[in-house]
Amino acid sequence: MEYNFREVEKKWQAHWAKNKTFKTENNSSKPKYYVLDMFPYPSGAGLHVGHPLGYIASDIYARYKRLKGFNVLHPMGYDSFGLPAEQYAIQTGQHPKITTENNIARYREQLDKIGFSFDWDREVRTSDPAYYKWTQWIFIQLFNSWYNPETNKAESINTLIPKLKNFNGLSEKEQSDLLLEYRLAYLSDTMVNWCPQLGTVLANEEVKDGVSERGGYPVERKLMKQWSLRITAYAERLLNDLDNIDWTESIKEAQRNWIGKSEGTSIRFSLTPNPSPRERGTEPGYHTANKKIWERLKENSRENRNNQTEAEELLWEKVRGSKLGFKIRRQHAIDQFISDFVCLERKLIIEVDGEIHNFQQEYDEGRTYRLEEIGYNVIRFTNDSVKNKIDWVCSEIVKALQAPLSFGEGVGGEAFIEVFTTRPDTIFGVSFVTLAPEHELVEKITTPEQKKVVNEYVTFAKNRSERERQADVKKITGVFTGAYAVHPFTGKQIPIWLGDYVLAGYGTGAVMAVPGHDSRDYTFAKHFDLPIIEVVAGGDLSKESHDAKEGKLINSDFLNGLEVKEAVKRAIEAIEEKNLGKGKTNFRLRDAIFGRQRYWGEPIPVYYKDGIPKVLDEKELPLVLPEVDKYLPTETGEPPLARAASSWKKDGKYEYEHSTMPGWAGSSWYYLRYMDAHNDNTFASKEAVNYWQNVDLYMGGSEHATGHLLYVRFWTKFLNDLGLVPFIEPAKKLINQGMIQGVSKFVMEVRVQATFKSLYDQNDKILNVIKDGKVVLELNVGKLDTWHHVFCNYGSSLTFQFKSEGFTLPTVFAVTHASAQFTAATSIESKVYSYHTLLDGWLRAQPSYRPIVITEIPFEAYWHYENKCWYYFNGIKVEDELQDKPLWVVNSEVEKMSKSKLNVVSPDDNPFHLDNREQQDYKYYFSNEEYKPFIIKGILEDYGADALRLYEMFLGPLELSKPWNTNGISGVSNFIRKLWRLYHCADWNVTPLLWRGAGGEAISSEPATKPELKVLHKTIKKIVGDIENFSFNTSISNFMICVNELTELKCNKREILEPLAIIIAPYAPHIAEELWEKLGHKESVTYATFPIHKEEYLVESAFNYPISFNGKTRFFQEYDLSLSKEDIEKEVLGLEQTQKYLEGKTPKKIIVVHNKIVNIVV
RNA sequence: GCGGAUGUGGCGUAAUUGGCAGCCGCGCCAGACUUAGGAUCUGGUGCCGUAAGGCGUGGGGGUUCGAGUCCCUUCAUCCGCACCA
């Protein structure tokens, strides 16, 4: 009787569910072990074969630990808030809750089919009010806490208030605003990543290359009032504690990168008063006229001075010289105009208008605009005012003189620019300072002359999207502000520039530019022709900057001759001595924005009273998500929660917060809830938390490195600070399972191909075929009828170019198109995938279907001239009439499995339902054939859950990503059958062919033989080693070896088969359970005890030594292990074969390694 | 650019401390059987060579009696971060 996996698996799955076989004990004297899987988000697409990889591995481990006598917590739950369900709700109006529940039901059904040993009594869902009550509660704790830098932990906000000066003197609003600056959950105006298409803000890690990770919509920077969590307070601890956890290096490194600690120095650069033009070595300051028309202006000016109006004379007497405290000139030429009175120092122009000016108001406006543009303030008085109210006019002038300049005020004096640098040693190499365009000092320091260009540049930089900015990193833009800073050591003046290579969000938004030793400063300096000073020897600055942190300092005053390391130290000392700045640490990590303008998330437990945000009382939790009529933002752009009934108000009066929490809120603490899933009084009881402690093994994908895995660490540390959990890290060990990738097939329409026709014999001419910029093929154009393969992916471009120069195309070829491009079937990518689905589904539904058919259709090629075309399809050259119809080629690529890529392989049967549009397409593509829904067979139906489990593990190392292919699954399937036979073959003498008929009592109670025991114990030893190292792939091969060897030995002894069933149970639980029952046990194999291997069965008395000469193995010789090295050496030398390989020479040296090898050096 | 990882047969992969390179499986080849299958069983299968033998762990170099493994260098692929001062 062959093994019927369908019956057996169904039987045991039902049994386990009914008997709650995998219940976790609450109070146990057993040691505990906590195995956690990444919180899944059940999507409508269901489970694909990539999902269970990690679950299978952790399930094997959990089952193994149970057999080893541990009380194992191995729970499962769902991250059930999320965007896809909401988007579906927007489209259909169906409540996201219903979608979510349907998805969960399907997900659960699929999980159950794979035979996981989860304790379903502890299932949690983030969208369950009983769960999110505590998510909200934790938020309230965050709101009520601040980070005390002295104790270096979070504390109640009440401990902060006494430290704040004059707190009680502030109004309630002021108090609230002040405290928000300290709270760990706070409301502030923040630059957010706003995604208009999704209608929500996104976290930094949800944005990839300037577009949203989900959907790929553009994202812009926007200032918004938002809830944030002060994760930056924990930056240092999040970084340091990484050293003490057993996580993969790649995850830890990703987190270190993301936190981005850099140690350096802040340095203040004071600003010069704008140097006088003479100091600058340019024109005198009072030469403010437009030089081109200066001669004419000079004439006019002199004439005007001699023809002063009465009013002008009167005013001149009051203001001449420095009577009002500032020097005032009259009839002075500025730009192309002559102004009546001007104070150059204060950039003030005073005009006295007679009647005539009424007629030229428009002209005056233009003139004023121009003068203001170059930084002047223009005030006007009428002749009447001057004559009648001269005192008032003078006081107005004084007021204007004393007012701060519209631009350029603040120059010198107290103002300074603070920069952050990690290379204080290069301070003498500073030749300019660059500010981010958004820097707050820009307005203040820009000189009037530069005002215009600076304004333009700032606007340009602001409107440039983040994406453009990232895309043209190469493009160097910047502008001079006209202002100068003072070098803190040399006292020299160094220009201040703006450049968008400086990021406003990092450090101080200002850098001291050291073009000699920083590549970014270098390109900037080269581009704008700024001086480059070499201060660290060892580079060639004519070509590139010398960024390396090694070499001796030169041109650096007191740092000269020091090595970089020394110089850094010395420079920091000097900077601190002069009180110019101090050592400082910067982090790249930003606070986590916590609000989302979506419906399907946890409501933030906050209400507003007189504009002051207040958190709810614990008694009022949970704040349940209200019903809304539509899941869209309101017309005024308010989040969907604003659509809630007007009664949805705190005490019927106060508005609740309308944002909801982001997806990661609920998943940041779910591992704690599993410990005590039904507790209504606290998020998890003290006893439970103390018993279970943190997760022993966390299995999850590396894609969460900078998101979930950082937040969950942050929340754990926070809860630890509050004394709510006794550990500082959520998981001791973390393993990243690799990704099972999908093979996406692309259907491309070959629209245009290069069309060649050789007019002459051109055997000597070589045509280069260039794919994506690289020459992939050189074709001899005289032999174009010889086929050459050019594999081409979707999106690739092919061009053809002649290798020899001076070769003109038309003379040799009739060329209709000089280049060929392979384009997608339509311009819409999804359509391409959709066609692929059709084709794939159709092929799979064919009786003769083999997976290989689809994956191995290569792009082959197509060319045509005159009325014919040729192409290769499955290696066969096809000649055809040239048609209007497009030619389709199928190409495949390995990428992440995802619904959007339609490359999902489901573990169970997966019916394909096409929408109406797709059904029409189906008709078109398959010659009007009526559409029949087709079912794609899943592995589970074809081979069973045990085979799926074994195969996914057998595929390779757990952490490696690999494309899904089913080519090898028959191997594990055969293995399962062989295993079954081992327990069922009554008569080993029957030929294998007659085997199926054999039955009866196959298991013998005779004592096992020595070789049988050896096989068993060798296997136990290896399996234990493999499991402990999470090397599941090798353990499967060890099982195969074991079964092969026992079959060879015709072993049917209970003494062997019973332990074997136990050790294989974690991997293939269904068949193990069945075999266990066959062995006469009533209770599940889950409660058996894992056997311990006995070394005594493995001891060998002899070893077959490889005898090698100069490291090359020549032959083998068995020696007793009791033989000493000297004895073996003697024996080996006495061998006939040894003499043969020595060829009469005397061995120089003989190395004998006990139980390993003999090496003879000749 | 910086950081991390990986390169081994036709394919997925294996190799305790540096000690027989290629375990296990797929595929392939040959044979057996007939129920003609999505079988099963037996044998073979790194490459070159009839063989003896030689060559082989991305390339080059080094340490060593001995290197897939250690060191240096270089190339390729994948992932993460990225004008982060």
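No experiment lies behind these values; they were computed from the predicted model shown. In what follows, every chain begins at residue 1, and chains take the letters A, B, ... in the order their sequences are listed.
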To the side chain of A/F954, which of B/rC20, B/rA85, B/rG25 is closest? B/rG25

Can you name the nearest heavy-atom pair linking A/F1032 to A/L958, along with the distance? CE1-CD2, 4.0 Å

If you measure from the P atom in B/rG43 to the same atom in B/rC79, how many Å do you get, rounded? 43 Å

Does A/Y1105 contact B/rG19 through a side-chain donor or acceptor facing the base, at a distance under 3.5 Å? no

If you compare every side-chain N and O of A/N974 against the phosphate oxygens of B/rU40 (OP1, OP2), does one of them come in below 4.0 Å? yes

Per atom distances to the A/R977 side chain, the nearest of B/rG25, B/rG4, B/rA39 is B/rA39

Give the nucleotide from the list B/rC83, B/rC24, B/rC20 with an atom nearest to the side chain of A/L503. B/rC83

Which nucleotide, in any strand shown, forms a Watson-Crick or G-U wobble pair with B/rG27, with both distances under 3.5 Å? B/rU45

How far does the C1' atom of B/rG7 sit from the matching atom of B/rG68, given to the nearest Å? 11 Å

Which whole number of Å gives the distance between the C1' atom of B/rA5 and that of B/rA85? 28 Å

I need the minimum non-hydrogen distance between A/H517 and A/V535, along with the two atoms involved. NE2-N, 3.0 Å

Taking only side-chain N and O atoms of A/R423, does any of them lie within less than 4.0 angstrom of OP1 or OP2 on B/rC84? no

Anti or syn, where syn is a glycosidic angle within 90° of 0; which label fits B/rG9? syn

Can you tell me, in whole Å, how much space there is between the P of B/rU74 and that of B/rA67? 23 Å

The answer to which of A/F1116 and A/P957 contacts RNA chain B further toward the 5' end, by nearest nucleotide, is A/P957

For A/I1150, report the nucleic acid contact type (base, sugar-phosphate, nothing); a contact means any heavy atom under 4.0 Å. nothing

If I take atom CD1 in residue A/I251 and atom P in nucleotide B/rA5, what distance separates them, rounded to the nearest angstrom? 13 Å

Using purine N1 to pyrimidine N3 plus N6-O4 or O6-N4 for Watson-Crick, or N1-O2 and O6-N3 for G-U wobble, each under 3.5 Å, what pairs with B/rG3? B/rC79

Which heavy-atom pair separates A/K584 from A/S266 by the least distance, and what is that distance? CD-CB, 3.9 Å

Using atom P in both nucleotides, what's the gap between B/rG44 and B/rC24 to the nearest angstrom? 11 Å

Of all the heavy-atom pairs spanning A/M512 and A/D521, show the shortest one and how long it is. O-OD2, 3.8 Å

Side-chain N,O (A/R588) to OP1/OP2 (B/rA82) below 4.0 Å: yes

Counterpart base for B/rG68, defined by Watson-Crick or G-U wobble contacts under 3.5 Å: none

State whether A/S519 places a side-chain N or O below 4.0 Å from either non-bridging phosphate oxygen (OP1 or OP2) of B/rG1. no

Side-chain contact check for A/S1037: nearest option of B/rC24, B/rA85, B/rA15 is B/rC24

Taking B/rG4 as the reference, what is the distance to B/rG59 when you measure between their C1' atoms (whole Å, please)? 23 Å

Does A/N1033 have a side-chain nitrogen or oxygen under 4.0 Å from the phosphate oxygens OP1 or OP2 of B/rA14? yes

B/rC55 versus B/rG49 - spacing of their P atoms, nearest Å: 16 Å

Using a heavy-atom cut-off of 4.0 Å across all strands, would you classify A/I1041 as base, sugar-phosphate, or nothing? sugar-phosphate

Just checking, A/R520 and A/Y501: is the charged tip under 6.0 Å from the six-membered ring centre and within 45° of the axis? no

What is the pairing partner of B/rC20, taking Watson-Crick or G-U wobble pairs with both distances under 3.5 Å in any strand? none

Work out how far the P atom of B/rG19 is from that of B/rC2, and round it to whole angstrom. 34 Å

Do any side-chain nitrogens or oxygens of A/R520 fall under 4.0 Å of OP1 or OP2 in B/rA82? no

Please tell me whether A/F524 and A/F432 form a close aromatic pair, meaning their ring centres lie under 6.0 Å apart. yes

Checking base pairs now: Watson-Crick or wobble, both atom distances under 3.5 Å. What partners B/rA32? B/rU40

Check this one for me: any side-chain N or O of A/Y506 less than 4.0 Å away from OP1 or OP2 of B/rA85? yes

Using only atom types and a distance under 3.5 Å, with no angle test, would you say the side chain of A/K252 pairs donor to acceptor with the backbone of A/I245? yes

Mate of B/rG56 where both pairing distances stay under 3.5 Å, Watson-Crick or G-U: none

Find the distance A/I417:CD1 to B/rA85:C1' and express it as a whole number of Å. 15 Å

If you only use heavy atoms from C-beta on, which nucleotide in B/rC65, B/rA85, B/rU17 is closest to the side chain of A/V1161? B/rC65

Pick the closest RNA chain B nucleotide for A/F1103 and for A/G956 by heavy atoms, then say which residue is nearer the 5' end. A/G956

Determine whether a donor-acceptor pair (one donor, one acceptor, N or O, separation below 3.5 Å) exists between the side chain of A/N1159 and the base of B/rC65. yes

Tell me if the aromatic rings of A/H1154 and A/F1103 count as close, with their centers under 6.0 Å from one another. no

Taking only side-chain nitrogens and oxygens of A/N1044, does any of them come within less than 4.0 Å of OP1 or OP2 of B/rG25? yes

Just how far, in rounded Å, is C1' of B/rC83 from CG of A/D500? 9 Å

